[in-house]
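Just so it is clear: chains get the letters A, B, ... in the order the sequence lines come, proteins before strands, and each one is counted from 1. The shown structure was predicted, so the numbers you read here are calculated from the model rather than taken from an experiment.
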Amino acid sequence: QEQSKSAAKEEGTSTKELKKVKIMLDWTPNTNHTGLYVAKEKGYFEEQGLDVEIVLPGEAGANQLVASGQADFGIGAQESLTQARVQGVPLVSIAAIIQHNTSGFASPKDKKIDSPADFEGKTYGGYGDPVEKAVIDSLMKQENADVENVNIVNMGNSDFFTAVERDIDFAWIYYAWTGVEAELRNQKLNMVYLTDYSEKLDYYTPVLTTSEDKIKEDPDTVRAFVTAASKGYKYAINNPEKSAEILIKAVPDLDPELVRASQKWLSPRYQDDAKQWGVQKLEVWENYASWMMDNQLLEKKLDAEASFTNEFLPEVKE
Amino acid sequence: MKRWIQKGWRPTTLIILLLVLWEGSSRWLDIPAWLLPSPSQIWKEVLVSWSDFQGHLLATIRLTFIGFICGSIIGLGVATILHLMPKVRETVYPLIIISQNIPTIVLAPLLVIWFGFGILPKVIVITLFCFFPIAIATLDGLRQTTDELKHYMLMVGASKGQIFRKLEWPHALPSIFSGLKIAATYSVMGAVISEWLGGNHGIGVFMTLASSSFRTDRVFVSILYIVILCLLFFSMIVTAERRLIRWKPKGEKR
Amino acid sequence: MKRWIQKGWRPTTLIILLLVLWEGSSRWLDIPAWLLPSPSQIWKEVLVSWSDFQGHLLATIRLTFIGFICGSIIGLGVATILHLMPKVRETVYPLIIISQNIPTIVLAPLLVIWFGFGILPKVIVITLFCFFPIAIATLDGLRQTTDELKHYMLMVGASKGQIFRKLEWPHALPSIFSGLKIAATYSVMGAVISEWLGGNHGIGVFMTLASSSFRTDRVFVSILYIVILCLLFFSMIVTAERRLIRWKPKGEKR
Amino acid sequence: MKALEVQHISKSFGEAFVLNDLNFSVKEGEFVSILGPSGSGKSTLFHLIGGLITPDGGNFLINGENVTNQKGKISYMPQSPSLFPWRTILKNVTLAAEIVGENKETEAIHMLERAGLKGYEHVYPHQLSGGMKQRVAFVRSLLSPQSIICLDEPFSALDEFTRLDMQTWLMDLWQEQQKAILFVTHNIDEAIFLSDRVIVLSSKPATVKKEFVIPFSRPRLPNLLLEEKFLSLKKQIYSELSGSL
Amino acid sequence: MKALEVQHISKSFGEAFVLNDLNFSVKEGEFVSILGPSGSGKSTLFHLIGGLITPDGGNFLINGENVTNQKGKISYMPQSPSLFPWRTILKNVTLAAEIVGENKETEAIHMLERAGLKGYEHVYPHQLSGGMKQRVAFVRSLLSPQSIICLDEPFSALDEFTRLDMQTWLMDLWQEQQKAILFVTHNIDEAIFLSDRVIVLSSKPATVKKEFVIPFSRPRLPNLLLEEKFLSLKKQIYSELSGSL
Ligand SMILES: Nc1ncnc2c1ncn2[C@@H]1O[C@H](COP(=O)(O)OP(=O)(O)OP(=O)(O)O)[C@@H](O)[C@H]1O
Ligand SMILES: Nc1ncnc2c1ncn2[C@@H]1O[C@H](COP(=O)(O)OP(=O)(O)OP(=O)(O)O)[C@@H](O)[C@H]1O
Ligand SMILES: [Mg+2]
Ligand SMILES: [Mg+2]
C-alpha cells in the first residue's frame, strides 16, 4: 500500500505539476471527513492532478473562507448553506457527504424520552437558534404536543455529556460522533431522529461546498476534486476498518476508539439508499427551504436549483 | 461639556474619517456585505434591530457591571492580601498566573456542571478575566512606595495597616487605575464571551446567532455596541481617576 | 539555584497539595474522567502523548515568542509615541480601546482572507492580545514621573527626547514590567487562541482535537503545558525586571 | 530617670562603619543638641532610635524601658520634609497624631498659623517653598504625642529671622511641655543657644567626641550670641568639630 | 555686557502674588547673592530664569540675548538635591554634561573627590546622607557648561567645616573660570563672605529691597568674618532683612 502510494506520487509529480488546492473542514476532523483523508492518503487526489491540503477551520469558519476563495473547497451543511445563500454568500453544494440526516434529539435512557411527545415538561439544551425551536415544534406537532411546554435553555458551548449532567434533559446531536461516544461510554441513549418524524427535515448535512466563482472559472478542478473525493468515500464505504485507520493515522490526536466505532456506524450511511455517493435531490433543498419559510426563519425565498449541483459527480456506471 | 468637546473632537474626527474610508473602500472595492458590511449598512441594521437588541444590550450591561465589580473587588482584595502577607504572595502567585491559563473551553463545562446555567458561572468567567490585570498592577503599584515616606511612617510607629491605608494605597492609586482601565476594556468582551456559556439574552448570544445565520451586519451591530459600552466604561474609570487624583501638580498637563 | 529552592518551595508545596487534593477528591467523589480527569490520569497521558505532542509544543513556543516580542515592541512603541505626542494620544486612544473589542470570530475570517493561512494572522492576533496591557501600563508609568526630577531636567535644558530616555523611561520601568508581566501571562493563551485561526500544529490545535473527540485528559495535558510555558515565561520577565531594577533600596524586601 | 539612654550603639552599612559604640543620654525635659560633620551618622542615629534600622550592637532605653528596634516611641522630624503629596498641609500636619488615633485639627490650625503658614492649610505640598515645607514637617513632629522629640536639622532651610522665630517658639513649647528634645544641627550658634548640652560626634566611625554642658541660664535672649562667654564656648566647640573631620 | 539681566519680572500663582517687578543684573564674572525670607520667591525666580515657568511679565537677558522662557541657559542646582535614584553618584554628577552631549567622567571623579565623596562614585543616592546628596547636586551643577551658575541654597545641609571647604572651592573655581554666579542663601555671613553684591528681597510680593556692594578685597580669608567692617555690614543687612518680614 505504502509503495503504491509513493509510486503514485512520484508518477504524479513527474508527469505534470500538481495543482495546489485547499479544503477547509467545518469542525475538527471526524468520520464525516474520512473520504477526504482516504483520497489524500491513497493518492486519489494526485491521480486527478491535485495537491490537496486539508485545513482545520478554527474560529475563521469554512463558509466565508470558501465563499471568498481563500479555500477552494469546504465542508458545509444544507441548513447553513440555505441561510448563507439567502444572505448572498455565493456558496454551492457539490456533493452530499451523507445521504440522510443522522442528527437527532438525544437523551439519557433514564429520562424516558422515547418520542417527541415526551419532550413536554422537559428541558432542552440548545445554542439559542430559533431554528431549534421550530424543529422541535415540527416534531412535536406530529404527536399533537406543544413546544411551549418545553423549557428551552441556551447551553452555549457546553457539550452534550456535560449538559445532561446538569439541568438539561435532551439535546441535538449527530449520532455518528456524539452518539457513538455515548455507546463507548456505555451511556444508554434514546434517540429521536429528525428523519423519523419529518420528511422536510431530512436535509443534507454535511455537504461538500465550493464557491460560484470557482465553478465558473475552474470547473475542471472542481470535477477533479469531486471525483477523487467520491472515490475516497467509496473506499470508506467498502472498507470501514481500513479507512478508520487512515483517518487515525492522518490525525493521530483523535481518539482512535471513537473513530473506529464511529466509522463502523457511519460507513453504510454515506451512500445509503442513493444510487451513487454524493447525489442531491432538488426536492430536499426545496423542502427544507420551504419549511424554513413556513416557520419564518428565512427572509427570502431560496433559489434551490442554484444551491447545489450534481454535475461534477462521476458518471454512474450501472 | 465644553471640556468634552475640546477633548473629544480629535478622536471623533479620526473615527468619522475612518468610517468614511471604510464606506468608500467598501463601495469601490465591492467588498461583499456578508464579509465586511459597510458602515451605512451596519447603521441601517442598527436602526432595524434596535427593538430586538435592547434586551440583549441590557443583559450584557448588567453582566458587565456585576462582573467588573466582582473582578475589581477580588483583584484589589487579592493584591492587598498578597501585599500585606509576603509569604502568601510567594505561595499563591503562581496559582494566579495559572488561573489565567485555563481556556474557557475547559472551564465552561466544569463551571456549568458545578453552577448550572445561571448568572454565576458567567460572573466567574468575567471575574477571572478582570481581576488579573488589576491584581498585578496594584501589587506592582503597592511595591513602588517612596522610601522617604515609608521610612517616616515606620519611624512614627505606623502599623502595617496604617502604612497600607495612608501611604501605600494612595501612592498606588495611579497603578491601580492603570489596572482598572485594562480590566474595564476587557470586561465587555469578557461578558460577551461568558454569554457563550449559555443563557438566552446578551450581545454574545445575539452575535453567535447572527454569525451562524451569516448576518454579518448584525455581528457588526453587536461590535458597535460592545465598543460603545467599552468606551463609556473606560471613560467612567478615567473620570473617577481624575476625581480621585486631584492633588497632582498642574504642570503635568503640558 | 539555592535562591530558587528558597523561594520555590512554598508554591511548589501548595501546588503538590492541591494536586493531592484533586487526586483524592477525583477518586472519592468518583468524578468521571471525561469531565475532570485526575492528576495521575493526566500524567499518564503526558507520558503517552509526548511524542505526538512535541511538534505542537514547539510550534506554540515559537508562536508565543514571536507574538510576545511583536506585542511588546508595538506596545512600547505605541506608548512612547502617544506619550511624546499628546495630540496623537488624544486622537487614537479610543481606537486602541476599540482594538481590544473586536471579537476573534469576526477578526479571524478577515485576517485569514487578508493574510492567508500563514503565521502572520496568528502573530497579529497575539500582538493584539499583548500590546494593550503593555501600552496602557507604560503610558501610565510614563506620566507618573517625579516632578522634582522633571523640573530639574527642564531647567537644565534637556530635550523632550532626553527627558524621555533619561528620566521618564527609567522611572516607568516598574510599570512597564507590570505591563509585560500581564502580557506574558496572556501570550501563551493568545498563541493557543490564534492557533484556532487554522493550521495544523500547535497546542491549540491539539486541544480542540482532544476536546472534540472527548479526550478530556488530553485537554488537560495541553493545559499543563500551557501553564508550564506561561510560568517559565513569566519568571523570565521577573528575572529581567530584577536585573534591570537593581538600584532599589534593600529595605523594600522586608 | 533618663528620657533616653543610648548604650553602646554600633552600626555599619556593608563595609562602611558608621557608628562605633555610641554612648550618651538625655534627661527628662532636657534639650540636647548633636553636632557632627556631614555624613558622620546623625540621621542614622535617629533611624536607629526610631527602630527603622537595627543596630549591630547596643540598646536604647526610653524612660528606662528598652525600646531597641521598637517603632513609634519618638516624635520625629526627618531631615527632608517627607510630606505626603496627596495630603493637604493640614492633613499632613495631623498625620502623626492620626497614627496614634488622635484628632488635633484645631491645634494644628493654630500651630500652622504660628509657623507663618496661615492660609496654606488647604494647599498641597508642591505649592510650598522649601522653607515652608520644612516648617510643615516641624509642626507635624510637634503634634505627635511622644515624650521625646527628635529633630533632624529642622531649621536648615529657613532664613535667619524665621529661624529665630521658630527657635523661640520651640523654646516656649519645650518649657511648657517639658518634653526631652534631641536636636541635630549644623549651626553651632543654634546648638549653644538652644541646648542644655551639646554632643560633638567624630566621623567615620562616629563616637561621642566631647560633651559640652551649656551654662547659660534661661530664658536666653538673642544678644546672648554676642557675649564673650558664648563666643569662647563657640570657639571651643568649633575647634573640637574641626578635629572631627 | 551683563551676564544676566532681570527686567521687570512679575509672577503670581493663582491669587498669590509672588514676584513684583523684580529688577537687577549680574555682570560677567560677578558673584551675586540673594537673601530673602523663606517663601519670598527666590526659588521661583530661579525657575523663571530657567524657563520652567513663565513670568507674568518681564524679561531675562543672558549676555544680552533675550532668554525669557528658554530652557538650558543656566547651570542650576535646585534647592532639594533632585538626584536620580537609579543612577550612581558618578552618573548623576555627569548628567547635566550628558545633556549637552559632553563626557566629563574623569573631571567628575576628580570633583567628587574634592567634595569629600571619594569612594562613593558607584553607590546610589539612597545610600548617602543629606549633606552628601547636596554636595553631589553641587558638583553636578559645576559640571554643566553654561556661563552662569544659579545655586539655590547649596550648602544649607552642611556642617560649618564642610561648608567652609565648599565655599573655598567654589571661590577657587569661580576665580578660575570667571563664570557669573547667582547664589541663594539664608546665611548672611556666607552671602557677605562670598559675594561681590548682596541683593535683599522683600516678601509677599518680592521686590528688590536693597542691594549691598561688598567692598572686601579678594582673596578673602576666614578671619574676615570677625572684622569690624564685616560685622557692621552684617548688622545692616540683618536689619534690612528683618524689615522684609
Ligand atoms: N542605606 C544606607 N546604605 C549605605 N550607607 C548608608 C545608608 N544610609 C547612610 N549611609 C552612610 O552612613 C553615613 C552616615 O549617614 P547619615 O545620613 O547618618 O549622616 P548625617 O550625619 O545625617 O549627615 P548629614 O549631616 O549630611 O545629614 C554616610 O556615610 C552614608 O553614606
Ligand atoms: N507651584 C506653585 N503653586 C502655587 N504656589 C507656589 C508654587 N510654587 C511656589 N509657590 C508659592 O510661591 C511663594 C514663593 O515660593 P519659593 O519657593 O520661590 O520661595 P523661596 O523664596 O525659595 O523660599 P525658601 O527660602 O523657603 O525656599 C511661596 O509662597 C509658595 O507658596
Ligand atoms: Mg543627616
Ligand atoms: Mg526656595
Side-chain angles (χ1 to χ4, degrees), chain B residues 7 10-11 13-15 18 35-36 86-87 90-95 97-98 100-103 105-106 109-110 113 132-133 136-137 139-141 143-144 147 150-151 174-175 177-179 181-182 185-186 188-189 192-193 207-208 211 216 219-220 222-223 226-227 230-231 234 249 251-252 254, chain C residues 7 10-11 13-15 18 35-36 86-87 90-95 97-98 100-103 105-106 109-110 113 132-133 136-137 139-141 143-144 147 150-151 174-175 177-179 181-182 185-186 188-189 192-193 207-208 211 216 219-220 222-223 226-227 230-231 234 249 251-252 254:
Chain B
K7 290 222 107 184
R10 268 179 233 278
T13 316
L14 178 70
I15 288 175
L18 287 177
L35 183 61
L36 184 66
K87 282 182 189 157
E90 274 177 34
T91 316
V92 307
Y93 211 115
L95 282 191
I97 299 164
I98 291 174
Q100 295 302 300
N101 282 288
I102 313 289
I105 57 161
V106 175
L110 292 176
I113 294 260
F132 181 73
I136 295 287
L139 260 178
D140 280 327
R143 276 197 305 153
Q144 307 305 327
D147 284 320
K150 176 102 168 254
H151 289 174
S175 302
F177 271 103
S178 189
K181 280 182 219 163
I182 298 174
T185 311
Y186 291 156
V188 187
M189 268 308 285
V192 168
I193 287 174
M207 192 158 66
T208 27
S211 147
T216 318
V219 174
F220 275 84
S222 316
I223 295 180
I226 293 175
V227 163
C230 184
L231 287 177
F234 193 92
E252 297 264 315
R254 269 165 330 112
Chain C
K7 291 219 109 186
R10 266 178 234 278
T13 316
L14 178 70
I15 288 175
L18 287 177
L35 180 62
L36 185 66
K87 282 182 190 157
E90 273 176 36
T91 317
V92 307
Y93 211 117
L95 281 192
I97 299 165
I98 292 174
Q100 296 301 300
N101 283 288
I102 313 291
I105 56 162
V106 175
L110 292 177
I113 287 172
F132 181 72
I136 295 286
L139 261 177
D140 280 327
R143 277 196 305 153
Q144 306 307 326
D147 284 318
K150 176 101 169 254
H151 290 174
S175 301
F177 271 102
S178 191
K181 280 181 219 165
I182 298 174
T185 310
Y186 291 156
V188 185
M189 269 308 285
V192 168
I193 288 174
M207 193 156 66
T208 29
S211 143
T216 318
V219 173
F220 275 84
S222 320
I223 295 179
I226 293 175
V227 163
C230 183
L231 287 178
F234 194 91
E252 297 265 317
R254 263 161 330 111

A.B. asks: Is C:Met189 close to B:Ile102 at the side-chain level, that is, under 4.5 Å between some pair of heavy atoms?
C.D. replies: no
A.B. asks: Give, for atom OG of B:Ser178 and atom CD1 of C:Ile136, the distance between the pair rounded to the nearest 0.5 Å.
C.D. replies: 7.0 Å
A.B. asks: Is there a side-chain contact between B:Leu231 and C:Pro94, using heavy atoms and a 4.5 Å cut-off?
C.D. replies: yes
A.B. asks: Output all residues satisfying side chain to side chain contact (heavy atoms under 4.5 Å, CB included) with B:Leu95, sequence neighbours left out; order by chain, then residue number.
C.D. replies: B:Ile98, C:Leu14, C:Ile15, C:Leu18
A.B. asks: Select one option (side chain, backbone, both, neither) describing which atoms of C:Leu110 are under 4.5 Å from chain B's heavy atoms.
C.D. replies: side chain
A.B. asks: Is there side-chain contact between B:Lys87 and C:Arg10, with at least one heavy-atom pair below 4.5 Å?
C.D. replies: yes
A.B. asks: Measure the spacing between CD of B:Gln100 and CD1 of C:Ile226 and express it to the nearest 0.5 Å.
C.D. replies: 13.0 Å
A.B. asks: Check whether any side-chain heavy atom of B:Pro133 lies under 4.5 Å from a side-chain heavy atom of C:Ile182, and answer yes or no.
C.D. replies: yes
A.B. asks: Who are the ring pair (Phe, Tyr, Trp, His ring centres under 6.0 Å) partners of B:Phe132, not counting sequence neighbours?
C.D. replies: C:Tyr186
A.B. asks: How about B:Ile223 and C:Pro103: do any of their side-chain heavy atoms sit closer than 4.5 Å?
C.D. replies: yes
